[in-house]
Amino acid sequence: MEFKEELVKELKSAERIAILGVGNELRRDDAAGVAFTKLFKPMASKNVLVLNCGMTPENFIDKVRRFRPSHVIYVDAVEASNLPGSIGVFNEGNISTASVSTHRISLALLISYMRALGVKAKVIVLGVQPKDLSLGEGLSPEVQEAVNLLATLFKDALAKR
């Protein structure tokens, strides 16, 4: 299934969406999730909460819990052995097959913690394959293009709900 169609399918029943951008802006492509939130926030509606979580997404779980979303979307750089800039959709069943090397806790553990605090929303991870995780600022061209595409596709998917 093509990414766009999969995204539309995943968001079909979404009523309230919390989007959490995760990443380290000093590790180049690791900032993909943060860059996405900065780009997408102006496009969001009242039923879409957009949070730039940086390197500490665990600090935002209570805010997500109070928002009572039907869907929680994490956007992050995800090492999945794909071409740089590739976008993947991961859910709770397959997130453990991907790894994120620069965060204090894994997304799988973060999701478990969120569940323990009572968040019952459907959880989806939109992962962008990084090219460069070295120290420095700015995304590689491949990852910047993927973030731009992801923002456009996400806006389109929300419009089709």
Side-chain angles (χ1 to χ4, degrees), residues 1-25 29-80 86-130 139 143 146-161:
M1 180 182 304
E2 187 181 316
F3 171 76
K4 182 178 180 179
E5 293 156 351
E6 189 171 353
L7 185 60
V8 169
K9 180 184 138 211
E10 291 289 349
L11 296 177
K12 196 85 170 156
S13 63
E15 294 174 14
R16 293 174 62 81
I17 302 169
I19 301 171
L20 290 80
V22 181
N24 182 345
E25 291 183 279
D29 289 342
D30 189 54
V34 170
F36 175 81
T37 59
K38 289 177 180 179
L39 187 62
F40 190 75
K41 192 164 189 159
M43 299 182 226
S45 66
K46 68 176 182 150
N47 288 328
V48 178
L49 175 67
V50 180
L51 299 170
N52 177 350
C53 298
M55 295 180 1
T56 56
E58 63 275 13
N59 291 346
F60 293 83
I61 292 177
D62 194 50
K63 190 174 242 185
V64 170
R65 186 181 57 77
R66 287 191 314 265
F67 182 67
R68 298 179 188 258
S70 61
H71 289 64
V72 173
I73 313 290
Y74 285 97
V75 182
D76 198 2
V78 173
E79 176 53 58
S86 298
I87 303 170
V89 178
F90 303 91
N91 57 39
E92 288 179 78
N94 67 4
I95 189 59
S96 62
T97 63
S99 68
V100 181
S101 61
T102 60
H103 306 306
R104 293 180 187 166
I105 63 173
S106 72
L107 288 177
L109 183 59
L110 184 63
I111 293 167
S112 294
Y113 178 57
M114 191 175 62
R115 293 284 183 233
L117 292 177
V119 178
K120 295 179 177 15
K122 180 175 187 169
V123 178
I124 302 163
V125 176
L126 301 178
V128 179
Q129 176 67 47
L139 302 176
V143 171
V147 167
N148 294 343
L149 176 64
L150 185 55
T152 300
L153 294 177
F154 202 88
K155 182 181 176 190
D156 292 348
L158 289 178
K160 292 181 179 178
R161 293 181 294 140

Visitor: Indicate every side-chain donor-acceptor pair of residues 147-157 with a distance under 3.5 Å to a residue at least two apart or in another chain.
Guide:
from	atom 1	to	atom 2	distance (Å)
N148	OD1	Q144	NE2	3.0
N148	ND2	Q144	O	3.4
T152	OG1	N148	O	3.2

Visitor: Show me the side-chain donor-acceptor pairs of residues 114-129 shorter than 3.5 Å, one per line, residues at least two apart or across chains.
Guide:
from	atom 1	to	atom 2	distance (Å)
R115	NE	E92	OE1	3.3
R115	NH1	V119	O	2.7
R115	NH1	A121	O	2.8
R115	NH2	E92	OE2	2.4
R115	NH2	A121	O	2.6
K122	NZ	E10	OE1	2.7
Q129	OE1	A80	N	2.8
Q129	OE1	S81	N	3.2
Q129	OE1	N82	N	3.2
Q129	NE2	E79	OE1	2.9
Q129	NE2	E79	OE2	3.3

Visitor: Nearest 0.5 angstrom please: N24 CG to T56 OG1, how far?
Guide: 10.5 Å

Visitor: Could you check if a side-chain atom of V50 sits within less than 4.5 angstrom of a side-chain atom of L20, using non-hydrogen atoms only?
Guide: no

Visitor: Which heavy atom of A31 sits nearest to which heavy atom of L139, and what is that distance?
Guide: C-CD2, 4.0 Å

Visitor: Any idea which heavy atoms bring P57 and G54 closest together, and the distance?
Guide: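 Heavy-atom minimum between the residues: CD-O, 4.3 Å.
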
Visitor: For residues 60-69, run the donor-acceptor check on the side chains, cut-off 3.5 Å, and write out each pair with its distance to 0.1 Å, sequence neighbours left out.
Guide:
from	atom 1	to	atom 2	distance (Å)
D62	OD1	R65	NE	3.0
D62	OD1	R65	NH2	2.4
D62	OD2	R66	NH1	2.4

Visitor: Output the distance between atom CG (L158) and atom CD1 (I17), rounded to the nearest 0.5 Å.
Guide: 4.5 Å

Visitor: I want to check something: taking the side chain as every heavy atom from C-beta on, are L7 and I87 in contact at a cut-off of under 4.5 Å?
Guide: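 No, every pair of side-chain atoms sits at 4.5 Å or beyond.
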
Visitor: Only distances under 3.5 Å count here; give the side-chain donor-acceptor pairs of residues 33-45 to other protein atoms, sequence neighbours excluded, each with its distance to 0.1 Å.
Guide:
from	atom 1	to	atom 2	distance (Å)
T37	OG1	V34	O	2.7
K38	NZ	E25	OE2	2.6

Visitor: Nearest 0.5 Å please: distance from the OH atom of Y74 over to the CG atom of L110.
Guide: 3.5 Å

Visitor: Minimum heavy-atom separation for E58 and M55, please, with both atom names.
Guide: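 What the structure gives for the nearest pair is OE1-O, 4.4 Å.
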
Visitor: Counting only N and O atoms by type, is there a donor-acceptor contact under 3.5 Å from the side chain of S70 to the main-chain atoms of A14?
Guide: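 No; judged by distance alone, with no hydrogens or angles, the pair does not exist.
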
